[in-house]
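Side chains included, hydrogens not; waters and symmetry mates left out as well; all remaining heavy atoms used. One-based numbering, in listed order, for ligands and for the atoms of each. Note that this is a predicted model, so its numbers are computed, not measured.
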Amino acid sequence: MSADPRQLAEYLRFLRELGVEDTAISSDIAARLVAANNSPAATPPAPEPASPSAKAAAAARRAPAQPAPAPRPAQISMPGNDSFPIALADASGPGRADGADPAEQLRQIRADLGDCTRCKLHAQGRRQIVFGVGNPRARLVFVGEGPGADEDAQGIPFVGRAGRLLTDMIEKGMGLRRDDVYICNVVKCRPPNNRTPENDETAACSPFLRRQLAAIRPEMVCALGAVAAQNLLGRRGPIGGFRGTVHRLELEGFTTRLVVTYHPAYLLRDPSQKKETWKDLQIVMRELGLPLPARS
Ligand code: URA
């Protein structure tokens with residue numbers, strides 16, 4: 001495990017920004033920081049033991065009102081430790097009894113999309129189609145609005161500043177690995193100047209998004225921002241009207257659950273809303289049976 005004090009301090013700062021104060025995990029990190037700083041040679045603290053970590057133990061001590069987490073193949077430990085993120089992808093997830101190969105289905109959907117010219121975005125400066133990234137058997141899918149400049153350049157969703165924040169939310173906040181979830185957008189081509197996608201553009205791209213979700217069959221979808229929420233739920237409204245509820249999301253031959261939170265780009269403009277986002281992410285974690293920080 002890397003126990004670089006700066007890394008630990010950064011992790012603690014991130015948790016505090018989310019409003020995760022005085023939890024077992026942050027106390028544990030604080031103790032490690034003190035230990036690391038007091039050590040003459042700044043010797044990294046010993047690696048996490050193989051037994052359940054403080055966070056998992058704290059989760060286990062919580063009130064029995066919490067639904068018992070489903071058995072997980074991984075433990076929770078510290079960031080930098082290979083065992084830190086919970087292995088979220090689950091080959092035996094719902095819908096997998098149909099014997100379908102979601103990776104192959106995603107390849108087929110990407111092939112059907114082709115060098116898409118179905119809407120005007122193809123002629124408005126897009127460099128490439130940004131299809132989606134992550135585990136085809138993910139239990140959790142994040143859906144954003146549309147690629148920005150970095151995503152357009154790299155062909156991967158959420159890799160710019162907002163993407164780094166999303167990655168932190170997934171990895172440092174939720175304790176998962178980005179690679180274990182799936183991440184995609186409502187529109188697959190960059191709208192010029194990062195404007196909001198227009199109705200004809202979302203209408204052209206939505207069938208592909210819905211097919212992606214139906215292929216993956218995630219247990220939960222997290223819509224990032226109002227555009228994703230409105231598109232997936234099929235109704236207009238401010239983001240406040242969508243948050244705080246576990247919605248039903250009907251897809252072709254498959255129903256799943258959807259939670260709405262703020263778009264990371266909005267959080268970069270208004271970091272005070274990170275605490276609200278953390279509340280939404282905790283709903284997702286609870287629904288997935290993931291352990292929450294002991295007190296937040
Ligand atoms: N914003 C989005 O909605 N999607 C991305 O992929 C990047 C930024």
Should the proximity of Glu151 to ligand 1, defined as any heavy atom under 4.0 Å, be assigned to the side chain, the backbone, both, or neither? side chain
Could you say whether the N/O atoms of Gly146 and ligand 1 ever approach to under 3.5 Å? yes
Should Phe158 be counted as touching ligand 1, given the test is an N or O pair under 3.5 Å? yes
Distance filter under 4.0 Å to [X] heavy atoms, resulting ligand 1 atoms:
X      : answer
Gly144 : 3 (O)
His263 : 1 (N), 2 (C), 3 (O)
Pro157 : 6 (O)
Glu145 : 2 (C), 3 (O)

Does a sphere of radius 6.0 Å around CG in Asp270 hold more than 12 heavy atoms from other residues, nucleotides or ligands, not counting ones at 6.0 Å or beyond? yes
Between Glu219 and Arg139, does the salt bridge (Lys or Arg N to Asp or Glu O under 4.0 Å) criterion hold? Intermediate values first, please. CA-CA 5 Å; Glu219 287 169 54; Arg139 294 174 62 206; 2.6 Å; yes
Report yes or no: do Gln105 and Arg217 form a side-chain donor-acceptor pair below 3.5 Å? no
According to a 4.5 Å side-chain heavy-atom criterion applied to Ile, Leu, Val, Met, Phe, Trp and Tyr, with indirect links allowed, do Val221 and Val130 form part of one hydrophobic cluster? no
Distance to 0.1 Å, residue and atom name: give those for the protein heavy atom nearest to atom 4 (N) of ligand 1. Asn185 OD1, 2.7 Å
Report yes or no: does Glu151 contribute a side-chain atom to a donor-acceptor pair with the main-chain N or O of Gly160 at less than 3.5 Å? yes
Where the side chain of Arg190 meets the backbone of Gln124, is there a donor-acceptor pair that is under 3.5 Å apart? no
side-chain contact (heavy atoms from CB on, under 4.5 Å) test vs Arg126 passes for just one of Pro191, Pro192, Cys189, namely Cys189
Should Gly160 be listed as contacting ligand 1, given a heavy-atom distance under 4.0 Å as the test? no
